[in-house]
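On a predicted model such as this, the values are computed, not experimentally measured, just so you know. Here, residue 1 is the first one in the sequence, and each next residue gets the next number.
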Amino acid sequence: MRLPSSSFNKGKSRSFWNSAIISAKASENPYTNTILLPKTKFPLRADAAKREHLFRDRCTKDLYPWQLENNPKDLFILHDGPPFANGNVHSGHAMNKVLKDIINRYKMLQGHKVYYRPGWDCHGLPIELKALEQIRRKGKEATLSPTNIRKIAREKALSEVEKQRHSFKSWGVMGDWDNPYLTLTNDYEIRQLRVLTDMIKNGHIYRQLKPVYWSPSSKSALAESELEYKENHVSKSIHVRFSLTELAPALKKKWDYHIQNKDLYALIWTTTPWTIPSNKAISVHPDLKYSLVEVPEGDKKGTYIVGSDRIDALKQEIKADIINVLDQVSGQELLGSIYQHPLNHGIMPIIGGDHVTAESGTGLVHTAPGHGMEDYEVCLKHNIEMLSPVDDSGCFTKEAGSELEGKMAFTEGNAAVIDLLEKGSALVIAQDYTHKYPYDWRTKQPVMLRATAQWFANVEHLQQKAVDNLKKIRMVPEVSIRRLEQFTLSRKEWCISRQRSWGVPIPALYDQDGEALLTENSVEYIIKILQEKGTDAWWQEQDDSVFVAPEYRNNGKVYKRGYDTMDVWFDSGTSWTMLQNMPDRDPQKPVADVYLEGSDQHRGWFQSSLLTSIAVTGKAPYGTLITHGFALDEKGQKMSKSIGNTLEPIFITEGGKDKKKNPAYGSDVLRYWVANCEYTRDVSIGPSIISQISDNLRKVRTTARFLLGNIYDFKEEHYVEYDKLQDVDKYMLHELYKYNDRVTNAYNDFAFNRVAQNIQNFTNTTLSSFYFDTIKDRLYNENESSESRRMAQTVLYEVLKSYTTSLAPFICHTAEEIYENYKAITSSPESSVFKTGWLKSSEQWNNDDLNIKWSTLLHLKGEVNQVLEAARQEKHIRSSQEADILLCLNSNSKLGKLVDSVDSSELSSLFMTSQVNITNEKSDCIQGESERDSVVEGDNCKIVLSKSKNSKCPRCWNYHSTQDDSLCSRCSNVLSK
């Protein structure tokens with residue numbers, strides 16, 4: 001019986017052979033039981049939520065230790081960037097963990113020992129805030145001591161680790177889940193402190209009072225990697241005039257005529273009015289041109305110094321009808337002029353600064369060294385002390401003045417400063433200004449630059465070596481190297497200290513004058529104590545002298561502990577230390593083969609790992625660095641709980657309350673979504689996308705079901721050697737060889753969506769639309785043990801092995817289920833498909849001549865299909881089996897010789913027609929029901945279709961019978977045996 005191809009290709013919910021059986025029973029066909037219909041227990045429906053757990057342990061828990069013990073190749077290490085132990089897992093977590101698992105499974109199938117130890121980043125502000133919230137809920141009896149905060153924070157972190165670990169394991173991610181690394185364990189913290197010690201020894205760590213990013217909302221310093229920028233932040237921008245009390249000597253005589261009996265002002269512009277109380281100087285660029293201008297009328301009336309290139313912009317900004325230019329000088333001539341502060345009336349200088357530009361503002365820059373790095377650096381050169389009258393909460397201190405003290409600088413303080421300037425006639429104009437501004441990435445609140453004493457790592461010492469190492473690293477995608485280089489070169493220092501309780505202490509001691517002791521010997525002594533007692537001892541010990549090394553006890557100083565903790569990026573950035581000295585590892589290689597994280601880690605973990613490793617070992621910690629994008633909703637928008645567009649993985653794997661509306665797809669659908677993503681960019685996920693992925697996976701199951709169902713009676717002893725196969729079978733093996741090669745190359749390139757595309761094309765085009773249709777007649781209607789049937793089964797067996805293995809890194813549970821249904825056929829059955837090795841192709845399958853031949857035949861098949869479809873549309877035939885095809889072509893042409901070399905029965909199977917005849921004589925090209933003049937590979941060919949004069953065989957449905965209701969000769973022979 002030849003079944004309609006559409007019943008397979010369209011992936012109906014009922015299997016095609018069940019449809020055929022029902023149809024046969026309906027017509028009471030007496031030959032139904034003689035047909036070798038497919039048989040398999042492999043279900044079309046995955047029922048994944050109920051069945052995946054049956055295959056999980058064999059490909060995760062049991063497999064991980066087995067491969068480390070038994071795989072023959074060298075150790076492969078994909079180092080896990082630790083997710084933060086806080087909150088439910090989201091789609092981004094799924095993309096990250098599944099991508100890593102795909103790589104690990106591929107490497108393992110290739111025979112490598114795979115080392116994958118999952119990790120968690122357990123310190124940091126969000127966990128500490130949860131601990132504080134819990135303590136405050138307890139009321140007055142609760143204590144906010146660091147010891148209590150740390151105790152509760154530890155419990156919170158460990159609880160979050162357990163929840164996230166359960167989710168990660170449910171996705172079929174293989175690894176050492178019983179032994180994850182946690183940044184809160186003593187062994188991890190001690191290794192981290194030893195990295196700090198090495199960096200101290202190498203001169204990379206120092207302490208300084210200078211402006212740093214400060215988060216009032218979390219009351220801590222932040223590193224640049226902990227910032228995110230809000231594009232539409234609205235500040236109040238102001239133009240302020242500072243009254244000049246004395247001109248530089250070069251200008252006194254020159255401007256005497258212009259400023260007689262007039263007040264002269266230096267005009268500045270700023271978007272941070274709250275920093276005006278901290279003003280210590282005005283900076284100008286010595287090489288820029290500056291103009292003395294007059295606004296003759298209106299409330300902005302006055303004589304001002306502004307940058308010459310900014311006059312037109314100023315006229316628009318302050319809405320002045322007329323600005324008269326009185327004179328022009330260089331910035332150099334302005335140096336040494338003196339002005340009076342409009343609020344505290346202090347006398348301040350105009351100084352030179354190379355950071356000043358004429359691109360915005362007035363060309364004169366308000367300089368507050370306590371609240372800006374460029375301001376700090378230029379004032380340092382001029383020995384100008386800094387002022388930062390803002391406390392940890394972002395409120396003004398008494399140094400700002402009684403009218404500002406206690407006010408929040410960003411809000412009421414800002415408004416109060418503007419009001420004071422206006423009362424003092426110093427405010428020219430105030431208006432809203434929308435711009436990009438840094439926010440604390442944890443609290444989502446704005447940050448400020450504020451001078452505090454902090455610990456820094458000197459990145460400038462490490463930059464060039466880091467960038468040189470990046471050039472040796474494989475980057476996926478390649479363009480990501482520019483982003484990482486840019487971030488590495490753009491920072492000169494890394495603020496590593498934080499004012500929090502929950503973290504690894506910076507083991508610094510301070511004498512009565514506030515001088516810090518952070519030497520190699522001192523830290524080594526402290527490390528020994530903390531290794532024995534744990535880092536909680538830094539807060540629990542009552543006596544500071546416990547931590548003073550013997551050589552510092554008799555120097556006349558009394559030391560006390562500092563309670564700063566380390567930046568969490570320093571925590572996670574030192575995770576590479578646990579990979580040092582791994583057995584079976586080439587010491588010349590980086591400690592990890594692969595790091596894989598999201599694009600935000602160019603500013604974070606990728607960079608902190610690189611810098612700490614360069615500082616200690618002189619080498620990068622990774623050989624390949626892979627970057628993935630973010631998970632967006634189906635409209636391409638960022639997911640947000642406030643918007644309500646989030647899609648948690650559990651909703652995909654376990655479904656919603658209404659399973660008909662939101663079915664439980666299981667983890668393989670989630671994994672297959674990841675595999676199909678162009679992950680190097682931002683990717684979308686949502687119900688309709690997941691539904692499409694589920695349909696694609698159903699096609700995979702349908703294909704596997706066909707393969708399994710048609711080798712149910714096949715054993716390796718039935719295997720037909722290559723030389724004995726039919727031409728079409730050899731060609732199918734050639735296609736399989738190329739498929740295996742393409743898939744392997746795509747996996748090697750970490751291009752998993754390319755693998756998925758190859759699988760889809762192979763499934764729909766090569767197998768379903770070509771080979772399966774071509775061999776169905778042999779499979780169903782030949783004698784069970786006939787050589788032609790065994791030939792087809794041999795090829796199906798090879799296809800099944802490659803197909804299952806190529807899918808295994810993506811959909812591990814499905815692959816295990818497929819393997820479970822055919823492993824008994826193999827000579828050496830394994831307990832898991834992942835123990836069978838990677839794709840295997842025989843070189844003899846790779847036959848270019850055969851490929852050329854069959855490419856031409858498939859082109860010809862396409863032309864014949866056009867004729868068949870036209871005849872169907874015109875209702876000359878109902879199915880292709882009713883048609884006889886006559887090919888009229890030149891027997892001496894390449895096409896003629898090629899077609900002549902193929903048996904007509906093979907052509908009939910290829911075209912799925914009753915029979916195929918060939919003629920070289922134009923006179924024999926009789927007129928049929930449908931015809932077409934074609935050009936195939938450059939040769940002319942006329943295709944003529946006629947309705948077959950033969951009858952339909954009631955067993956195989958081919959039109960080969962000589963009379964109605966009688967068997968064809970082939971079926972008669974089969975039944976007679």
Side-chain angles (χ1 to χ4, degrees), residues 192-193 195-215 218 220-229 353-355 367-381 386 388 438 440-441 447-470 483-500 503-504 506-508 515-516 518-520 523 562 564-574 601-616 618 620:
Q192 179 178 334
L193 287 168
V195 171
L196 179 67
T197 307
D198 286 339
M199 292 180 71
I200 293 169
K201 181 171 61 177
N202 294 332
H204 298 308
I205 304 298
Y206 63 94
R207 187 171 187 259
Q208 196 163 339
L209 175 65
K210 63 193 307 183
V212 295
Y213 287 109
W214 183 269
S215 171
S218 59
S220 179
L222 300 178
E224 290 180 24
S225 56
E226 295 175 293
L227 304 176
E228 61 183 22
Y229 286 85
D354 292 338
H355 66 290
T367 303
H371 296 290
M373 272 310 301
E374 290 175 327
D375 297 12
Y376 165 79
E377 289 170 356
V378 72
C379 285
L380 192 64
K381 293 177 182 178
M386 71 176 72
S388 181
D440 184 333
W441 76 315
V447 303
M448 61 173 59
L449 279 162
R450 172 177 175 249
T452 60
Q454 300 291 340
W455 289 100
F456 297 89
N458 192 328
V459 176
E460 200 167 11
H461 289 176
L462 308 170
Q463 280 177 335
Q464 194 53 54
K465 199 164 190 178
V467 170
D468 289 344
N469 269 263
L470 287 178
R483 182 177 168 89
L484 187 51
E485 276 186 351
Q486 178 186 359
F487 282 126
T488 303
L489 291 171
S490 65
R491 64 192 297 191
K492 296 180 180 179
E493 57 192 8
W494 171 11
C495 179
I496 65 169
S497 51
R498 297 292 179 273
Q499 288 64 55
R500 308 306 312 173
V504 179
I506 295 178
E515 289 296 317
L518 190 74
T519 64
E520 180 185 354
V523 174
D564 287 347
T565 53
M566 277 193 253
D567 175 16
V568 290
W569 292 116
F570 199 99
D571 289 12
S572 60
T574 57
Q601 297 309 314
H602 290 136
R603 300 175 71 231
W605 188 61
F606 289 160
Q607 190 178 157
S608 63
S609 299
L610 176 66
L611 293 174
T612 54
S613 182
I614 291 291
V616 175

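Inter-residue side-chain proximity for S220 and Q499 is flagged as met; some heavy-atom pair is nearer than 4.5 Å. When side chains are defined from C-beta on, V504 does not count as touching L196, because their heavy atoms never get closer than 4.5 Å. Contact annotation: the side chain of V568 never approaches that of R498 to less than 4.5 Å [non-hydrogen atoms, C-beta and beyond]. Counting heavy atoms from C-beta outward, L227 and W441 have side chains that stay 4.5 Å or more apart. Residues K492 and F456 have side chains not in contact (no heavy-atom distance under 4.5 Å, counting atoms from C-beta outward). In this structure, Q607 and R491 have side chains that are in contact, with non-hydrogen atoms separated by less than 4.5 Å.
In this structure, F606 and H602 approach most closely via the heavy-atom pair CD1-CD2, 3.5 Å. Closest approach of L462 and L611 over heavy atoms only: CD1-O, 3.7 Å. Here the closest non-hydrogen pair linking V378 and G353 is CG2-CA, 3.9 Å. What you find for A451 and S388 is that their closest heavy atoms are N-OG, 3.6 Å. The two residues S215 and L222 have their closest heavy-atom pair at CB-CD1, 3.7 Å. When all heavy atoms are compared, the tightest approach of N202 to A615 is ND2-O, 3.1 Å.
T574 places no side-chain N or O within donor-acceptor distance of the main-chain N or O of Q192, the cut-off being under 3.5 Å. Counting only distance, with no hydrogens or angles, the side chain of N469 and the backbone of A620 share a donor-acceptor pair below 3.5 Å.
To the nearest 0.5 Å, atoms CG (L610) and CG (L470) are separated by 5.0 Å. With rounding to the nearest 0.5 angstrom, the CE atom of M199 is 6.5 Å from the CD1 atom of I496. The structure places OG1 of T488 at 11.5 Å from CZ of R483, a figure rounded to the nearest 0.5 Å. Distance check: I614 CD1 to H461 NE2 gives 15.0 Å after rounding to the nearest 0.5 Å. Residue D571 holds its CG atom at 7.0 Å from CE of M566, rounded to the nearest 0.5 Å. The CZ atom of R603 sits 10.5 Å away from the CD atom of Q486 when rounded to the nearest 0.5 Å.
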Under the side-chain contact (heavy atoms from CB on, under 4.5 Å) rule, what do R207 and L518 come out as? Steps first, then yes or no, please.
CA-CA 9 Å; R207 187 171 187 259; L518 190 74; over 6 Å; no
Start with the C-alpha gap between D375 and M386, add the side-chain angles, then the distance that decides, and say whether side-chain contact (heavy atoms from CB on, under 4.5 Å) holds.
CA-CA 9 Å; D375 297 12; M386 71 176 72; over 6 Å; no
CA sep, side-chain torsions, deciding dist, call: V447, E226, side-chain contact (heavy atoms from CB on, under 4.5 Å):
CA-CA 11 Å; V447 303; E226 295 175 293; over 6 Å; no
Test side-chain contact (heavy atoms from CB on, under 4.5 Å) on W605 and W569; report intermediate values, then the result.
CA-CA 6 Å; W605 188 61; W569 292 116; 3.9 Å; yes
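Judged as a salt bridge (Lys or Arg N to Asp or Glu O under 4.0 Å), and not counting sequence neighbours, the contacts of D198 are K201. The salt bridge (Lys or Arg N to Asp or Glu O under 4.0 Å) test applied to E493 returns K210, not counting sequence neighbours.
Aromatic ring pairs are classed by plane angle as parallel below 30°, tilted from 30° to 60° and perpendicular above 60°; the pair W494 and F570 is tilted.
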